[in-house]
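Scroll down for the structure; my scribbles are underneath it.
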Amino acid sequence: TDLSGFVSLSSDNASDELADAVSNLGEGSVVIVGGGLDALAAARRLLDLGVAASNIKIACENDQLEPLGDQVIDRVVAQSLDVAVEYGLKFAELVRDNGALSAA
């Protein structure tokens, strides 16, 4: 599995790592794994970095994005990002070993 360009949002340098990954992206697509505020913030950051919304997909394990606490805000945020979201997905565990990343 080619996971080059993988960026963990829990990394202390996530914003810089994301910018670096985008600079090497070319015409490729980005998949954000998650369904909460972190995923939405990552999508917004990618848009700000110039990645086209059509090249961004949020892969969500649940059948809906995690609510931000207000249905109106949830709807506005989702519509303003204009990125595709796939729901109900199952994921393999990602393992990082000496800088190499693989799906377990």
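Side chains included, hydrogens not; waters and symmetry mates left out as well; all remaining heavy atoms used. None of these values were measured; they are calculated from a predicted model.
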For Asn62, what residues pass the side chain to side chain contact (heavy atoms under 4.5 Å, CB included) criterion, not counting sequence neighbours? Cys60, Glu66

So, taking the atom named CD in Glu86 and the one named NZ in Lys57, what distance separates them when rounded to the nearest 0.5 Å? 4.0 Å

Are the side chains of Glu17 and Asp20 in touch, meaning some heavy atoms are under 4.5 Å apart? no

Apply salt bridge (charged side-chain N to carboxylate O under 4.0 Å, His left out) to Asp48 and list each qualifying residue two or more places apart in sequence or on a separate chain. Arg44

Please confirm whether the backbone N or O of Gly34 pairs with a side-chain atom of Asp38, one donor and one acceptor, at under 3.5 Å? no

CG of Leu18 to CG of Leu49: how many Å apart, nearest 0.5 Å? 6.0 Å

Heavy-atom closest pair (Val31 atom, Ala59 atom, distance to 0.1 Å) is CG1-CB, 3.9 Å

Minimum heavy-atom separation for Ala43 to Ile58, with atom names? CB-CD1, 4.3 Å

Run through Leu81, Val30, Val83, Asn55 and flag the one making a side chain to side chain contact (heavy atoms under 4.5 Å, CB included) with Leu46. Val30

